[in-house]
Amino acid sequence: MKAYQPYLKSIIFYPEINVVDTSRIDLNLLATLEVLLAERNVTKAAAKLHLSQPAVSAQLARLRDLFDDPLLLPAQRGMTPTAKATELAPQLREALDRVRSTLQSHRDFDPATAQLAVSIACSDYVQAAVVMPLVLALRRIAPGVRVAVWHLSPALMEQQLANGDIDLVIATPDPAMPHLRACHLYDETYVLIGRQGHPDLKPGLTIENYVRLEHIVVSRRGGIFETPVDDALGVLGYRRNVVMSAGSFLFIPEIVSSSDLVALVPRRLFRAQSERLMIIDLPWLSERFDIGLIWHERCHGHAGQRWVRELIGKLMVEGEDDAPRA
């Protein structure tokens, strides 16, 4: 019985909580009450609110009905707040300040002072090529903006965006999801990488010599030894020697730099590792893919989210300008 005593005590001694009918609450009424409590005069409050005196008097009548209290009583000079109104005043000011701050934050975004968390779903390649420069830039110009990175799950992406689990997807846009908002970020091409001093790697590598090399391919699902590149080679009558299927691009530099294995990788991912790896352009290789930003309508008008999307686009353009030319 002892375990139930606090609960029984709350039933006996705690007063019943009245549930407020929020459908009766008009934010304009609360703003009027805030001014009335500050001015303690209907005429002065009306002037400050740019309303007529009868309109403010009518709103005060509605407020009295809403709070079941006179709120402001006639006095020799102006009006005197009741005990309930005095108790309400600081809470009302705090609540309205929060509302004003929220509304303002959606119109204006100051990266230097803003507090914002952004959830991004993407592949490990995009984490290195896009999210890493984004986070480094945010630490400099928007230290209050935090980034949560989610593993990209194409099957769940649409639902996660709709639910608000994630705010932004960075991936190749899917034409089958036209109701999601998207914008093109950049086109990606491939380069061949191998260790420095690899005996069979040199500029101008022909397709015949390329297919004879020992290749690593990346398969996000695992266990697949053919990619669209192999399909394209097959059309031309070639078949490359694939000896390993990896689950991530990020694993590749370690094994390539210590062996004679080679890998076809996105250019942006490894272009800064020319001292460690040989990076070979293949002019005859036409395969490419595009990367875009994908988001739900719920995030479209948010000033902070829009600023982050624009920053990503700017960083990718700057990355193109800084890229070494083939």
Side-chain angles (χ1 to χ4, degrees), residues 121-131 152 154 157 169-177 182-195 198 200-253 255-257 259-274 277-294 313 316-317 319-326:
C122 58
S123 67
D124 58 350
Y125 151 65
V126 171
Q127 289 180 40
V130 181
V131 177
L152 177 62
M157 178 184 80
V169 171
I170 308 178
T172 300
D174 186 349
M177 299 181 182
C183 71
H184 180 263
L185 199 55
Y186 62 85
D187 289 314
E188 182 62 290
T189 56
Y190 290 97
V191 292
L192 186 69
I193 63 169
R195 68 174 176 85
H198 193 297
D200 298 317
L201 286 187
K202 57 184 178 180
L205 187 70
T206 66
I207 191 170
E208 291 81 8
N209 290 331
Y210 168 80
V211 297
R212 294 192 188 104
L213 298 169
E214 294 185 326
H215 296 263
I216 304 174
V217 298
V218 172
S219 168
R220 293 189 182 91
R221 291 178 295 174
I224 297 177
F225 289 88
E226 293 185 351
T227 72
V229 171
D230 295 281
D231 296 335
L233 289 171
V235 172
L236 299 174
Y238 295 99
R239 181 181 180 86
R240 61 178 172 171
N241 182 21
V242 177
V243 300
M244 179 178 179
S245 175
S248 168
F249 280 114
L250 305 186
F251 161 79
I252 289 178
I255 191 167
V256 163
S257 62
S259 71
D260 282 343
L261 297 175
V262 298
L264 203 61
V265 297
R267 180 183 300 273
R268 282 178 178 262
L269 196 55
F270 298 112
R271 67 187 180 198
Q273 302 191 35
S274 57
L277 300 168
M278 292 187 68
I279 301 177
I280 306 296
D281 279 298
L282 303 176
W284 44 264
L285 184 68
S286 60
E287 275 63 37
R288 63 182 60 230
F289 61 94
D290 67 303
I291 292 294
L293 302 178
I294 306 165
M316 294 303 100
V317 170
E320 289 283 1
D321 294 339
D322 295 338
R325 302 303 174 188

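Counting all heavy atoms, side chain and backbone alike, Tyr190 lies closest to Arg267 at O-NH2, 4.1 Å. Shortest non-hydrogen contact noted between Leu185 and Gly313 is CD1-CA, 3.7 Å. Scanning all heavy atoms of the two residues, the minimum distance from Leu201 to Ile193 falls at CD1-C, 4.4 Å. Shortest non-hydrogen contact noted between Ser257 and Leu277 is CB-CD2, 3.8 Å. Between Asp124 and Phe249, the shortest heavy-atom contact is OD2-N, 3.5 Å. Of all non-hydrogen atoms in His198 and Met278, the two that sit nearest each other are N-SD, 4.0 Å.
Judged purely by atom type and a 3.5 angstrom limit, Ser245 has no side-chain atom pairing as donor or acceptor with the backbone of Phe225. Between the His215 side chain and the Tyr210 main chain, a donor and an acceptor come within less than 3.5 Å of each other. Between the side chain of Thr172 and the backbone N or O of Asp290, at least one donor-acceptor pair lies under 3.5 Å. The closest donor-acceptor contact from the side chain of Arg268 to the backbone of Met316 lies under 3.5 Å.
Between Leu264 and Glu287 there is no side-chain heavy-atom pair separated by less than 4.5 Å. Between Pro253 and Val256, the closest side-chain pair of non-hydrogen atoms is not below 4.5 Å. Contact of the Ile170 side chain with the Leu293 side chain is registered, since non-hydrogen atoms from C-beta on lie closer than 4.5 Å.
For the side-chain contact (heavy atoms from CB on, under 4.5 Å) with Tyr125, the qualifying choice from Leu152, Val265, Ile291 is Ile291, the only one to do so.
Glu188 contributes atom CD, which lies 8.0 Å from atom CG of Leu269 (distance to the nearest 0.5 angstrom). Atom CG of Leu233 and atom CZ of Arg239 lie 10.5 Å apart (nearest 0.5 Å). Note that the CZ atom of Arg240 and the OH atom of Tyr238 stand 15.0 Å from one another [nearest 0.5 Å]. Of the inter-residue distances, the one linking Ile294 atom CD1 with Cys122 atom SG reads 11.0 Å to the nearest 0.5 angstrom. Between the CG atom of Leu213 and the CG atom of Leu205 there is a distance of 6.0 Å, given to the nearest 0.5 Å. One finds the CD1 atom of Ile216 at 4.5 Å from the CG atom of Leu261 (value rounded to the nearest 0.5 Å).
Using a cutoff of 4.0 Å between basic side-chain nitrogens and carboxylate oxygens, Asp260 and Arg195 are scored as salt-bridged.
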